[in-house]
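Notes for the one structure printed next.
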Amino acid sequence: MNIAVYCSAKDVIPEEYLALGDDLGKWLAENGHTLVYGGATGGLMSRVSNAARAAGGQVIGVVPKRIIEAGRLAHNCTKIHKVANMSRRKQKMKELADCFVCLPGSYGTLDEMYDVIASGTVGEHKKPVFILNYKGFYEGLKAEAAHMKELHFLPEQEHYMPMFVDTIAEIKNCIMQN
């Protein structure tokens with residue numbers, strides 16, 4: 001299965017978050033899954049991809065021109081898709097992936113996450129998205145979704161929605177069930 005992982009590219013985050021990337025990347029490779037990610041260096045992105053490659057896994061990078069120009073192209077990918085911009089990166093990753101995993105991150109991670117959720121909501125795909133709410137990282141996001149539902153901006157019964165999980169073990173279980 002091709003698993004797209006969205007996550008932070010920042011190096012100066014707590015080590016326990018970086019270790020999540022090691023755990024997930026290694027597990028993906030050991031279980032025969034292919035990592036699809038942003039193809040750049042830094043933070044959780046590097047940790048997930050380095051762990052996957054170190055465990056003998058396949059790693060597909062989808063990297064925009066601007067990231068390449070900034071000297072942040074990862075060199076651990078078994079396949080690279082060079083794209084014009086971030087919008088094209090999101091589209092290509094959605095095409096390549098069978099499911100999506102969102103680890104902690106910032107604006108870029110949120111942008112990618114919401115793009116997948118929004119496109120699933122309008123029926124462009126039915127691929128699952130799993131959001132790691134490690135130590136409550138995405139509690140604000142969950143609260144915002146509940147608020148939108150309370151005010152009827154989200155339907156009471158959503159036909160497509162992300163699944164929040166609290167541990168990497170839960171993500172692994174969710175992937176195995178798909």
Side-chain angles (χ1 to χ4, degrees), residues 1-9 20-21 24-53 55-70 72-132 138 141 145 154 158-165 168 170-178:
M1 182 182 309
N2 287 351
I3 315 248
V5 176
Y6 301 123
C7 57
S8 176
L20 298 171
L24 181 61
K26 181 180 178 192
W27 181 86
L28 291 173
E30 289 175 346
N31 287 274
H33 301 295
T34 297
L35 170 64
V36 178
Y37 87 114
T41 59
L44 278 169
M45 290 178 70
S46 286
R47 296 293 282 266
V48 173
S49 61
N50 288 341
R53 284 299 295 140
Q58 298 296 305
V59 176
I60 299 173
V62 182
V63 62
K65 180 181 174 186
R66 179 68 189 103
I67 300 295
I68 296 168
E69 290 170 350
R72 294 196 43 234
L73 173 65
H75 297 288
N76 62 352
C77 298
T78 52
K79 185 170 188 174
I80 289 275
H81 293 272
K82 296 178 181 177
V83 295
N85 54 45
M86 294 295 280
S87 293
R88 187 66 191 118
R89 174 205 240 177
K90 290 186 292 186
Q91 182 60 39
K92 187 66 175 174
M93 288 180 73
K94 283 191 299 189
E95 291 168 10
L96 293 170
D98 297 308
C99 76
F100 308 91
V101 172
C102 303
L103 300 180
S106 183
Y107 296 128
T109 304
L110 291 172
D111 177 49
E112 292 162 329
M113 178 194 314
Y114 278 127
D115 183 63
V116 167
I117 295 168
S119 60
T121 298
V122 298
E124 291 180 7
H125 69 84
K126 295 179 190 236
K127 301 172 184 179
V129 57
F130 308 111
I131 300 171
L132 180 62
Y138 286 113
L141 185 68
L154 287 176
E158 297 175 71
H159 67 276
Y160 180 85
M161 57 189 289
M163 176 182 276
F164 288 90
V165 297
I168 290 289
E170 289 177 85
I171 285 179
K172 294 172 186 177
N173 188 46
C174 290
I175 290 170
M176 289 189 305
Q177 292 178 6
N178 279 292

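Numbers here are sequence positions counted from 1. Just so it is clear, the values below take in all heavy atoms, side chains as well, and ignore hydrogens, waters and symmetry mates. None of the values given here were measured: they were computed from a predicted structure.
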Got a donor-acceptor contact below 3.5 angstrom from the [X] side chain to the [Y] backbone?
| X | Y | answer |
| --- | --- | --- |
| Ser49 | Ser46 | yes |
| Asn31 | His33 | no |
| Thr78 | Val59 | yes |
| His81 | Val63 | no |
| Asp98 | Met1 | no |

What is the distance from atom [atom1] of [X] to atom [atom2] of [Y], rounded to the nearest 0.5 Å?
| X | Y | atom1 | atom2 | answer |
| --- | --- | --- | --- | --- |
| Met176 | Ile171 | CE | CD1 | 12.0 Å |
| Phe100 | Asn2 | CZ | CG | 10.5 Å |
| Phe130 | Asn173 | CZ | CG | 9.5 Å |
| Met86 | Ile67 | CE | CD1 | 6.0 Å |
| Tyr6 | Met113 | OH | CE | 10.0 Å |
| Trp27 | Ile3 | CH2 | CD1 | 6.0 Å |

Looking only at heavy atoms, what is the nearest atom pair of [X] and [Y], with distance?
| X | Y | answer |
| --- | --- | --- |
| Ala4 | Ala97 | CB-CB, 3.6 Å |
| Ala9 | Met45 | CB-SD, 3.6 Å |
| Pro64 | Gly38 | CD-O, 4.4 Å |
| Cys174 | Val165 | SG-CG1, 4.0 Å |
| Ala29 | Ala52 | CB-O, 3.3 Å |
| Gly120 | His125 | N-NE2, 3.3 Å |

Go through the steps for Leu132 and Leu24 under the test side-chain contact (heavy atoms from CB on, under 4.5 Å), then give the verdict.
-> CA-CA 11 Å; Leu132 180 62; Leu24 181 61; over 6 Å; no

Between Thr109 and Leu44, does a side-chain contact (heavy atoms from CB on, under 4.5 Å) hold up when you go through it step by step?
-> CA-CA 11 Å; Thr109 304; Leu44 278 169; over 6 Å; no

Might you confirm whether atom NZ of Lys92 has over 12 heavy atoms from other residues, nucleotides or ligands at distances under 6.0 Å?
->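 Yes, enclosed.
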
Atom CE of Met163: over 12 foreign heavy atoms under 6.0 Å |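 12 or below, so no.
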
Could you tell me whether the side chain of [Y] reaches within less than 4.5 Å of the side chain of [X], counting heavy atoms only?
| X | Y | result |
| --- | --- | --- |
| Pro162 | Ile131 | yes |
| Val129 | Tyr160 | yes |
| Ile168 | Leu103 | yes |
| Ile175 | Val101 | yes |

Full working for side-chain contact (heavy atoms from CB on, under 4.5 Å) between Leu110 and Tyr138 | CA-CA 10 Å; Leu110 291 172; Tyr138 286 113; 3.9 Å; yes

Check each of Lys90, Arg88, Arg89 against Glu95 using the salt bridge (charged side-chain N to carboxylate O under 4.0 Å, His left out) test, and report the only one that passes.
->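 Only one option passes, and that is Arg88.
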
Salt bridge (Lys or Arg N to Asp or Glu O under 4.0 Å) involving Lys127 - partner list, sequence neighbours excluded |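 Checked Lys127 against salt bridge (Lys or Arg N to Asp or Glu O under 4.0 Å); zero matches.
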
Lys94 vs Val116, side-chain contact (heavy atoms from CB on, under 4.5 Å): CA-CA, chis, key distance, verdict | CA-CA 7 Å; Lys94 283 191 299 189; Val116 167; 3.9 Å; yes

